[in-house]
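Single-structure report; data block below.
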Amino acid sequence: MSKDVHIIASSESWIDQQAIDQLNQTASLEGIERAVGLPDLHAGRGIPIGAAFWSRSYVYPHLVGNDIGCGMAFWQTDLPERKFKLDKVVKQLTDLEAPWGGDHHSRLADANLPTELDGETLGTIGGGNHFAEFQRVDSILNEAVFRDHGFDHQRILLLVHSGSRGLGQAILQEHIRQFNTQGLDVQSGAFHAYRGKHDQAMRWAELNRNIIAERFLGRLGSEADRKLDIFHNSVTPHEGGWLHRKGAAPSDKGLVVIPGSRGTMTYLVSPKTEGADLALYSLAHGAGRKWTRGDAKAKLGKRFKLSELERTDLGGRVICEDRNLIFEEAPQAYKNIERVIDDLAQAGLIEVVAILRPIVTYKTRRR
């Protein structure tokens, strides 16, 4: 069967050859008929990140990965920008690594989840590239869309990036134990069993983001209106088959937030429907890594003091008391977000609604 492999990127974009090779290798899997790389495409552990894959006959759990349901949720708070005092907020954001003290069982039941999925990680961010970030509106490019979605340029915004924590990892490990990286025939009982667990992990991840936001807002005595929640790692029904997204945002669920890094702007975009099929109804989920974590630590550890990375060129603050992580996730380790956004716009896939400025990025704080 011929394969349809496509990369959404301009000639000015830099994409690592290893990521391109991984995209083509993954497209060669049995049953995969279409593969798309987005402008943030970068190499992962055998599977490219920033990509989407479609099959009518097979689902591959390892393409979704170990953080099923990882994604971003976005809130508009009731905090006026003029009252957001940076130093005070940084001091208030404490004790957020501790287990959440709320009613776990009630919240799980409300999300149609069994109580055995309870655990101390519910309501926590996790490591890697996950974060919670307060932002402000820097500029508005489409006032009508911005206003129609109930946004107020004077309000502080909260972006939460997290996933299913250890739950998704356990689901993938169980699949690997039984089937290695083999695909699951969509007519098989094994597929239906995986899909049930996958969908639970998706709901758990969404609940996790909600609780994380509640905890952060609670520290500031604030309330907020959730504007969107999008998944980046999933497999979902699509046009008679199954669409795998690995580090890719959906373009068929409304507005999308595409962050760069803690030291670059975030973009609120409106997906366009015309031509969306070319990209498998998917968008970049961020800037994409330029350096591996090891390379970032090696290169930046010699150039910067830890205190220098706790403040950004945009005037923001970074709360990350993990010495390795603050280097691994430094803005310099990521590609140019403006290039990614321009590529999506040039491909006719998005319109930028607003540009947002990070103020406080929270990753981890010692308990």
Side-chain angles (χ1 to χ4, degrees), residues 1-8 19-20 22-41 44 46-71 163-164 168 171-172 174-176 178-203 205-206 229-254 256 271-285 344 347-350:
M1 180 181 294
S2 63
K3 306 287 184 175
D4 178 2
V5 182
H6 188 69
I7 297 178
I8 309 291
I20 297 172
Q22 287 183 351
L23 183 71
N24 285 302
Q25 290 164 5
T26 306
S28 70
L29 293 172
E30 183 179 2
I32 298 292
E33 297 179 39
R34 295 185 62 194
V36 170
L38 285 311
D40 60 334
L41 184 72
I47 300 299
I49 301 166
F53 305 91
W54 184 83
S55 172
R56 74 180 78 236
S57 54
Y58 283 89
V59 157
Y60 289 88
H62 76 288
L63 297 190
V64 178
N66 64 354
D67 197 5
I68 302 166
C70 179
S164 56
I171 293 170
L172 180 62
E174 176 62 18
H175 170 78
I176 296 296
Q178 294 186 63
F179 303 101
N180 201 347
T181 57
Q182 294 180 18
L184 301 175
D185 188 310
V186 297
Q187 303 299 323
S188 69
F191 161 71
H192 291 292
Y194 171 76
R195 187 186 177 192
K197 295 175 183 177
H198 166 282
D199 291 355
Q200 284 187 339
M202 295 273 280
R203 294 196 299 275
E206 182 177 1
D229 188 294
I230 52 178
F231 299 103
H232 296 157
N233 294 343
S234 65
V235 58
T236 53
H238 180 76
E239 295 185 351
W242 294 88
L243 178 57
H244 307 71
R245 290 188 176 101
K246 177 59 175 174
S251 68
D252 53 358
K253 303 296 183 183
V256 172
K272 295 184 177 181
T273 55
E274 185 176 350
D277 181 62
L278 178 67
L280 282 174
Y281 291 87
S282 300
L283 299 173
H285 76 315
L344 293 173
L349 297 175
I350 63 166

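Closest heavy-atom contact between Ile8 and Ala347: CG2-CB, 3.8 Å. Heavy-atom minimum distance, Gly46 versus Thr26: O-OG1, 4.2 Å. What you find for Pro48 and Ala19 is that their closest heavy atoms are CB-O, 3.9 Å. Nearest approach of Gly247 to Asn233, heavy atoms of both residues: N-OD1, 2.9 Å. Closest of all the heavy-atom pairs between Gly240 and Trp54 is C-CZ2, 4.3 Å. Residue Ala205 comes nearest to Gly69 through the heavy atom pair CB-O, 3.3 Å, listed as atom of the first residue, atom of the second, then distance.
Using a 4.5 Å cut-off on side-chain heavy atoms (C-beta onward), Thr236 and Arg245 make contact. The side-chain heavy atoms of Pro250 and Leu283, taken from C-beta on, include no pair separated by under 4.5 Å. Here the side chains of Leu29 and Tyr58 are not in contact, with every heavy-atom distance at 4.5 Å or above. Between His198 and Ser234, the closest side-chain pair of non-hydrogen atoms falls below 4.5 Å. At a threshold of 4.5 Å between non-hydrogen side-chain atoms, the residues Ile68 and Met202 count as touching.
If you take CD on Glu30 and OG on Ser55, they are separated by 9.0 Å, rounding to the nearest 0.5 Å. Between the CD1 atom of Ile171 and the NZ atom of Lys197 there is a distance of 7.0 Å, given to the nearest 0.5 Å. The line from NE2 of His175 to CG of Leu184 is 5.0 Å long, rounded to the nearest 0.5 Å. In this structure, SG on Cys70 lies 10.5 Å from CD1 on Ile230, to the nearest 0.5 angstrom. Taking CG of Leu41 as the start and CD1 of Ile7 as the end, the distance is 6.0 Å to the nearest 0.5 Å.
Every residue two or more places apart in sequence or in another chain was checked for a ring pair (Phe, Tyr, Trp, His ring centres under 6.0 Å) with His244, and none qualifies. Asp229 pairs by the side chain to side chain contact (heavy atoms under 4.5 Å, CB included) definition with Ala73, Glu206, Arg209, Arg226, Phe231, not counting sequence neighbours. With sequence neighbours excluded, the residues satisfying side-chain hydrogen bond (donor to acceptor under 3.5 Å, both in side chains) with Gln178 are Glu174. Residues passing the side chain to side chain contact (heavy atoms under 4.5 Å, CB included) test with Ala284, sequence neighbours excluded: Leu38, Pro39, Asp40, Val340, Leu344. Considering only residues two or more places apart in sequence or on other chains, Gln200 meets the side-chain hydrogen bond (donor to acceptor under 3.5 Å, both in side chains) condition with none of them. With sequence neighbours excluded, the residues satisfying side chain to side chain contact (heavy atoms under 4.5 Å, CB included) with Ala35 are Val5, Leu23, Ala27, Phe53. Residues that satisfy the side chain to side chain contact (heavy atoms under 4.5 Å, CB included) test with Thr181, not counting sequence neighbours, are His62, Ile176. For the side-chain hydrogen bond (donor to acceptor under 3.5 Å, both in side chains) test, no residue two or more places apart in sequence or in another chain qualifies with Gln182.
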Indicate every side-chain donor-acceptor pair of residues 188-195 with a distance under 3.5 Å to a residue at least two apart or in another chain.
from   : atom 1 : to     : atom 2 : distance (Å)
Ser188 : OG     : Asp185 : O      : 2.6
Ser188 : OG     : Phe191 : N      : 3.1

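Legend: salt bridge (Lys or Arg N to Asp or Glu O under 4.0 Å) pairs involving residues 276-285, not counting sequence neighbours, sorted by first then second residue: Arg34-Asp277.
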Taking it one step at a time, do Ile32 and Leu63 satisfy side chain to side chain contact (heavy atoms under 4.5 Å, CB included)?
CA-CA 11 Å; Ile32 298 292; Leu63 297 190; 4.3 Å; yes

Can Ser251 and Tyr281 be said to form a side chain to side chain contact (heavy atoms under 4.5 Å, CB included), step by step?
CA-CA 5 Å; Ser251 68; Tyr281 291 87; 3.6 Å; yes

